[in-house]
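Heads up, the thing below is written out as structure tokens.
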Amino acid sequence: MNKLVHSLLLSLALSISVVLTASAVFIEERLEDPAQEERAREISEEIRCLVCQNQSILDSNADLARDLRQVVRERILLGDSDDAVREYLVVRYGDWVLLNPPLKLRTYLLWFGPIIIFVIGLLALGLFIRRKSREAVSETIAPLSAEEQAEIDSLLTPDGDQQK
């Protein structure tokens with residue numbers, strides 16, 4: 001029983017340490033004003049880590065993400081609005097820096113690229129299947145010769161019918 005309690009306490013301690021470590025955001029410096037810090041976090045959730053590419057800078061531990069988090073905080077301290085901070089980053093890194101880029105002529109490929117690739121793949125698959133089915137139809141079996149037909153008929157007829 002003592003081992004069971006010891007094991008449970010150890011697993012509880014490990015679980016708590018894992019949860020605390022996993023939920024830690026890699027923020028090196030925080031703003032003194034809680035409202036400004038909240039704004040910085042909200043903006044950072046919308047900015048793509050240019051190293052990780054599928055994470056926000058708030059979730060990334062990359063050096064560039066840390067630098068971008070610092071830039072966001074600096075812009076907020078300078079009095080920029082949320083949109084101004086985003087625009088500041090877009091001017092330097094392009095629309096791709098936004099996790100949800102705007103729909104405009106320059107970002108059509110970002111928005112519709114996966115759909116285009118999927119449609120091209122479907123068309124290629126359809127053409128492949130169509131070509132294979134045409135090849136199968138063109139390779140028709142030649143008609144049987146008279147000797148082959150007679151041999152098949154003799155095999156298919158019952159023994160009693162052959163004697164008649």
Side-chain angles (χ1 to χ4, degrees), residues 1-140:
M1 184 70 173
N2 193 15
K3 284 185 176 184
L4 178 64
V5 171
H6 184 264
S7 298
L8 287 174
L9 288 175
L10 182 60
S11 61
L12 178 65
L14 287 174
S15 299
I16 290 172
S17 68
V18 167
V19 168
L20 290 177
T21 306
S23 66
V25 178
F26 306 104
I27 306 282
E28 299 78 23
E29 190 173 311
R30 295 176 191 260
L31 296 174
E32 290 179 13
D33 182 6
Q36 287 181 330
E37 178 63 26
E38 183 62 28
R39 280 183 55 212
R41 287 176 180 258
E42 287 174 6
I43 294 170
S44 296
E45 285 179 338
E46 300 170 5
I47 304 299
R48 181 186 314 274
C49 174
L50 301 173
V51 176
C52 307
Q53 297 183 1
N54 241 5
Q55 285 183 320
S56 70
I57 60 172
L58 186 64
D59 298 330
S60 175
N61 196 24
D63 291 337
L64 182 58
R66 185 181 64 238
D67 295 343
L68 289 175
R69 286 192 302 266
Q70 186 60 36
V71 167
V72 168
R73 284 180 171 72
E74 289 171 3
R75 300 308 302 180
I76 288 174
L77 285 175
L78 290 173
D80 286 358
S81 68
D82 294 0
D83 290 335
V85 173
R86 285 185 207 93
E87 186 60 30
Y88 179 85
L89 294 170
V90 167
V91 166
R92 280 150 185 77
Y93 298 103
D95 287 321
W96 194 74
V97 76
L98 301 174
L99 278 173
N100 192 12
L103 182 61
K104 55 186 179 182
L105 186 59
R106 289 184 9 212
T107 61
Y108 279 172
L109 190 58
L110 287 174
W111 283 100
F112 301 114
I115 295 169
I116 292 169
I117 291 170
F118 180 73
V119 169
I120 290 171
L122 282 179
L123 289 173
L125 180 65
L127 290 173
F128 175 77
I129 291 172
R130 186 174 176 188
R131 186 180 62 201
K132 285 296 182 184
S133 66
R134 282 185 183 169
E135 288 175 6
V137 168
S138 67
E139 296 174 0
T140 57

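Below, each value reflects all heavy atoms present in this structure, side chains not excepted, and no hydrogens, waters or symmetry copies. Residue numbers run from 1 in the order of the sequence given.
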Could you go through L103 and Y108, starting from their C-alpha distance and side-chain angles, then the distance that decides it, and tell me whether this counts as side-chain contact (heavy atoms from CB on, under 4.5 Å)?
CA-CA 7 Å; L103 182 61; Y108 279 172; 3.7 Å; yes

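- The distance from atom CD1 of I43 to atom CD of E38, rounded to the nearest 0.5 Å, is 10.5 Å.
- To the nearest 0.5 Å, atoms CD (Q55) and CG (N61) are separated by 9.0 Å.
- Taking every heavy atom of both residues into account, S56 and S44 meet most closely at CB-O, 3.4 Å.
- At least one donor-acceptor pair closer than 3.5 Å links the side chain of W111 to the backbone N or O of P101.
- Within the 4.5 Å cutoff, no side-chain heavy atoms of C49 are placed close to those of D59.
- Counting only distance, with no hydrogens or angles, the side chain of R48 and the backbone of L98 share a donor-acceptor pair below 3.5 Å.
- Annotation: side chain of V72 is not in contact with side chain of L68 (no heavy-atom distance under 4.5 Å).
- When the shell of 6.0 Å around CG of L109 is examined, it contains 12 or fewer heavy atoms from other residues, nucleotides or ligands.
- Once rounded to the nearest 0.5 Å, the distance linking CZ of R130 with CG of L123 reads 11.5 Å.
- With respect to the salt-bridge test (charged N to carboxylate O, under 4.0 angstrom), the residues E37 and R41 qualify.
- Distance CG/D80 to CZ/R86: 11.5 Å, rounded to 0.5 Å.
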Would you check, one step at a time, whether the test side-chain contact (heavy atoms from CB on, under 4.5 Å) holds for D82 with E46?
CA-CA 11 Å; D82 294 0; E46 300 170 5; over 6 Å; no

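- To the nearest 0.5 Å, atom CD1 of residue I120 and atom CG of residue L125 are 13.5 Å apart.
- In plain terms, the two heavy atoms of E45 and L99 that are nearest each other are O-CD1, 3.2 Å.
- Distance alone, capped at 3.5 Å, is enough to place a donor-acceptor pair between the R92 side chain and the Y88 backbone.
- Side-chain contact between L78 and R75: present, with at least one pair of heavy atoms (C-beta onward) separated by less than 4.5 Å.
- To the nearest 0.5 Å, atoms CZ (R30) and CZ (R69) are separated by 10.5 Å.
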